[in-house]
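Presented below is the structure to which this report refers.
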Amino acid sequence: MTHPDGQLRASHADRDVVVEQLRVAAGEGRLTLEELEERIERTQAARTYDDLRVLTADLPPNSSLAAPGGGGGVLELRTKHGQVRQKDYWVVPARIVASCTSGNVKIDFTEAVCSHREVLLEATCGMGNIVVIVPRGWTVWVDSLTTNMGTISNKATDPGHPDAPVLRVTGRVGMGSLKIKYPRK
């Protein structure tokens, strides 16, 4: 979490990112449940970036979370044979790396908070499947995608809203599939 002026006011989304980083750290055994509860309370009361920075200063950087202030970050969703899902409420970083060997990755942006004008999704799929669901109004650009025997399907082709994010998708698909679509009505 770095911001040129730590005295700037933090937003709800900034606090949510820190809470998620604390939960991940507790899940990894870096924080006890008591420490987690205490730090979450302090996170909710934090007013500035410096207030938030103190709460994660003793934790290793978590590249899968965006930095408060919409400062980018990378979300890595990787699986070999299992399933990975990113859905419901979450804060979208500037870059997402999704890869699967023979498993499945699902990225659902419909309830996500995105403060970026453009989001880059780097998708790599062996024999598995990657499914991306974007809200209506988003623009999806498929750039530099290659496939061997797999399929790439972009059904999110309606003209985007000028103020909505642009999702740029790059990568490669082996024998699996990459599907980009809108949510069901």
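Here, residue 1 is the first one in the sequence, and each next residue gets the next number.
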(message) Would the distance check show the side chain of Arg39 and the main-chain N or O of Leu55 forming a donor-acceptor pair, the cut-off being under 3.5 Å?
(response) yes
(message) Could you measure the distance from the OG1 atom of Thr48 to the CZ atom of Arg53? Nearest 0.5 Å is fine.
(response) 8.0 Å
(request) Check Gly160 against Thr139 and note the closest heavy-atom contact, atom names and distance. (result) CA-OG1, 3.3 Å
(request) Give the cluster check for Val166 versus Leu178: same hydrophobic cluster or not, with ILVMFWY residues linked at side-chain heavy-atom distances below 4.5 Å. (result) no
(message) Ignoring hydrogens, what is the shortest heavy-atom contact between Tyr182 and Thr157? Give both atom names and the distance.
(response) OH-N, 3.5 Å
(message) Any heavy-atom pair between the side chains of Glu20 and Val91 that's under 4.5 Å?
(response) no
(message) Within the structure provided, determine whether Ile107 and Leu121 are in side-chain contact (heavy-atom separation under 4.5 Å).
(response) yes
(message) I'd like to know whether Ile180 forms a side-chain contact (heavy atoms from CB on, under 4.5 Å) with Lys155, so could you lay out the CA-CA distance, the side-chain angles of the two residues, the decisive distance to 0.1 Å, and finally the verdict.
(response) CA-CA 6 Å; Ile180 305 162; Lys155 294 186 178 181; over 6 Å; no
(message) Between Arg85 and Asp108, does any side-chain N to carboxylate O distance fall below 4.0 Å?
(response) no
(request) Look up atom CE in Met175 and atom SG in Cys125, then write down how far apart they are to the nearest 0.5 Å. (result) 10.5 Å
(request) Could you please spell out the steps behind the side-chain contact (heavy atoms from CB on, under 4.5 Å) verdict for Val105 and Val131? (result) CA-CA 6 Å; Val105 175; Val131 176; over 6 Å; no
(request) Take Asp14 and Val18 through the side-chain contact (heavy atoms from CB on, under 4.5 Å) test and state the conclusion after the steps. (result) CA-CA 7 Å; Asp14 298 330; Val18 172; 6.0 Å; no
(message) I'd like to check Glu37 versus Ile40 (side-chain heavy atoms, cut-off strictly below 4.5 Å). Are they in contact?
(response) no
(request) Could you grab the distance from atom CE of Met127 to atom CE of Met149, nearest 0.5 Å is fine? (result) 10.5 Å
(message) Measuring from atom CG of Leu36 to atom CG of Leu31, what distance do you get when rounded to the nearest 0.5 angstrom?
(response) 6.5 Å
(request) Verify the neighbour count for atom CZ of Arg117: are there more than 12 heavy atoms of other residues, nucleotides or ligands below 6.0 Å? (result) yes
(request) Nearest 0.5 Å please: distance from the CD atom of Glu122 over to the CZ atom of Arg172. (result) 11.0 Å
(request) Tell me, with the steps shown, if Lys106 and Ile133 meet side-chain contact (heavy atoms from CB on, under 4.5 Å). (result) CA-CA 8 Å; Lys106 182 177 183 180; Ile133 303 170; 3.5 Å; yes
(message) Do Lys181 and Asn154 have side chains that approach each other closer than 4.5 Å (heavy atoms only, starting at C-beta)?
(response) no
(message) Centroid separation under 6.0 Å, is that true for the rings of Trp90 and Phe109?
(response) yes
(message) Between Cys100 and Ile130, is there a side-chain heavy-atom distance shorter than 4.5 Å?
(response) yes
(request) Please tell me if the side chains of Gln86 and Leu75 come closer than 4.5 Å, counting only heavy atoms from C-beta onward. (result) yes
(request) Would you confirm whether His161, through its side chain, and Asp163, through its main-chain N or O, come within 3.5 Å as a donor-acceptor pair? (result) yes
(message) Can a donor-acceptor pair be found, under 3.5 Å and without considering hydrogens, that links the side chain of Thr32 to the backbone of Glu35?
(response) yes
(request) List the atom of Gly137, the atom of Ala164, and the distance in Å for their closest heavy-atom pair. (result) O-CB, 3.2 Å
(request) Kindly indicate whether the side chain of Leu22, heavy atoms from C-beta on, has any atom under 4.5 Å from the side chain of Thr43. (result) yes
(request) Using atom types as modelled and distance alone, determine if a side-chain donor or acceptor of Arg15 lies under 3.5 Å from a backbone N or O of Ala46. (result) yes
(request) Quick one: closest heavy-atom pair of Trp138 and Cys114, and the distance? (result) CZ2-CB, 4.1 Å
(request) Could you pull out the closest heavy-atom pair between Ser177 and Asn129, with the gap in Å? (result) OG-OD1, 2.6 Å
(message) Tell me the closest heavy-atom pair linking Gly150 and Val173, and the distance in Å.
(response) CA-CG1, 4.1 Å
(request) Answer yes when Lys87 and Glu111 have at least one side-chain N-carboxylate O distance shorter than 4.0 Å, and no when they do not. (result) no
(message) Would you say CZ of Arg47 has more than 12 non-hydrogen atoms from neighbouring residues, nucleotides or ligands within 6.0 angstrom?
(response) no
(request) Would you sort out whether Asp143 and Thr170 count as a side chain to side chain donor-acceptor pair (under 3.5 Å), showing the intermediate values? (result) CA-CA 5 Å; Asp143 297 329; Thr170 65; over 6 Å; no
(request) Look up atom CG in Leu167 and atom CG in Leu120, then write down how far apart they are to the nearest 0.5 Å. (result) 8.0 Å
(message) Using side-chain heavy atoms (C-beta onward) and a distance below 4.5 Å, is Arg78 in contact with Val97?
(response) yes
